[in-house]
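What follows is one structure encoded as structure tokens, with my remarks underneath.
Just so it is clear: chains get the letters A, B, ... in the order the sequence lines come, proteins before strands, and each one is counted from 1. All values reported here derive from a predicted model rather than from experimental measurement.
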Amino acid sequence: KAGVTQTPRYLIKTRGQQVTLSCSPISGHRSVSWYQQTPGQGLQFLFEYFSETQRNKGNFPGRFSGRQFSNSRSEMNVSTLELGDSALYLCASSLSPVSRTEAFFGQGTRLTVV
Amino acid sequence: AQRVTQPEKLLSVFKGAPVELKCNYSYSGSPELFWYVQYSRQRLQLLLRHISRESIKGFTADLNKGETSFHLKKPFAQEEDSAMYYCALSLYNFNKFYFGSGTKLNVKP
């Protein structure tokens with residue numbers, strides 16, 4: 001079956017702009033979580049969504065937001081981009097938060113802010 | 001607060017040598033512990049989880065609650081084991097992971 005798909009794979013934006021990243025989970029998976037990966041901070045949790053509801057949010061400013069649609073696809077948005085937002089953004093999908101099954105990661109979206 | 005520590009950024013061993021990647025965590029309850037691996041140009045993927053108590057690609061990891069550790073071990077390293085390894089902690093009822101900073105394993109021929 002198809003894996004977790006993230007689009008676009010690469011993105012270059014200018015400071016002050018906003019950006020929307022997309023994540024399509026594995027078919028049947030209803031839980032999606034997002035992570036920011038940087039060389040300095042490593043992998044940091046951004047949000048978790050299940051059944052269109054945000055269940056958890058990491059310690060990121062309000063410029064970072066997300067949502068999940070009825071088909072479980074998820075988007076994250078970053079407004080007023082800063083240079084420090086340059087990172088690899090990963091999403092992970094699983095059947096549900098309580099299923100204790102494996103979480104599968106996408107290949108990520110590489111965001112560069114100039 | 002939950003925290004996962006991987007003290008080694010880089011670990012270099014020769015092929016056939018034993019390898020141990022260290023992971024310590026801080027959490028007062030009973031978390032789930034995982035090892036994820038990222039091979040060059042590939043996505044992050046699950047290697048093993050403590051509740052499975054299985055060996056994957058010759059790797060094993062034992063949860064030591066007394067020492068709050070979940071070290072990854074393999075008796076004989078192979079060149080194809082070269083990758084980035086992340087230890088992660090998850091709390092029940094959440095699809096949310098706390099990751100360590102990762103250890104790059106380099107297996108030399």
Should the heavy atoms of other residues, nucleotides or ligands under 6.0 Å from NZ of B:Lys73 be counted, would the total exceed 12?
-> no
Going hydrophobic residue to hydrophobic residue with side-chain gaps under 4.5 angstrom, can you get from A:Trp34 over to A:Tyr10?
-> no
Write out, in numerical order, the residues from residues 36-45 of chain B with a heavy atom short of 4.5 Å from a heavy atom in chain A.
-> B:Tyr36, B:Gln38, B:Arg41, B:Arg43, B:Leu44
Is A:Arg15 atom CZ crowded by more than 12 heavy atoms from other residues, nucleotides or ligands, each under 6.0 Å away?
-> no
Might you confirm whether atom NZ of B:Lys15 has over 12 heavy atoms from other residues, nucleotides or ligands at distances under 6.0 Å?
-> no
If Ile, Leu, Val, Met, Phe, Trp and Tyr residues are connected whenever their side-chain heavy atoms lie under 4.5 Å apart, and connections chain through other members, are B:Met84 and A:Leu88 in the same group?
-> yes
Verdict with supporting geometry, A:Phe45 and B:Phe99, side chain to side chain contact (heavy atoms under 4.5 Å, CB included) | CA-CA 9 Å; A:Phe45 171 78; B:Phe99 284 93; over 6 Å; no
Give, as side chain, backbone, both or neither, the part of A:Val4 having an atom under 4.5 angstrom from any heavy atom of chain B.
-> both
Answer yes or no: are there more than 12 heavy-atom neighbours, outside B:Arg3 itself, under 6.0 Å from its atom CZ?
-> no
Take atom CZ of B:Phe76 as the centre, draw a 6.0 Å sphere, and report whether it contains more than 12 heavy atoms from other residues, nucleotides or ligands.
-> no
Treat each ILVMFWY residue as a node, draw an edge where side-chain heavy atoms are under 4.5 Å apart, and state whether B:Leu10 and B:Leu72 are in one component.
-> no
Answer yes or no: are there more than 12 heavy-atom neighbours, outside A:Lys57 itself, under 6.0 Å from its atom NZ?
-> yes
Which atoms of A:Gln44 come close to chain B, meaning under 4.5 Å heavy atom to heavy atom: side chain ones, backbone ones, both, or neither?
-> neither
Side chain / backbone / both / neither for A:Phe47 at chain B, heavy atoms under 4.5 Å | neither
For B:Phe97, does its backbone N or O pair with a side-chain atom of A:Tyr35 as donor and acceptor, under 3.5 Å?
-> yes
Taking only heavy atoms into account, what residues of residues 105-114 of chain A are found under 4.5 Å from chain B?
-> A:Phe105, A:Gly106, A:Gln107
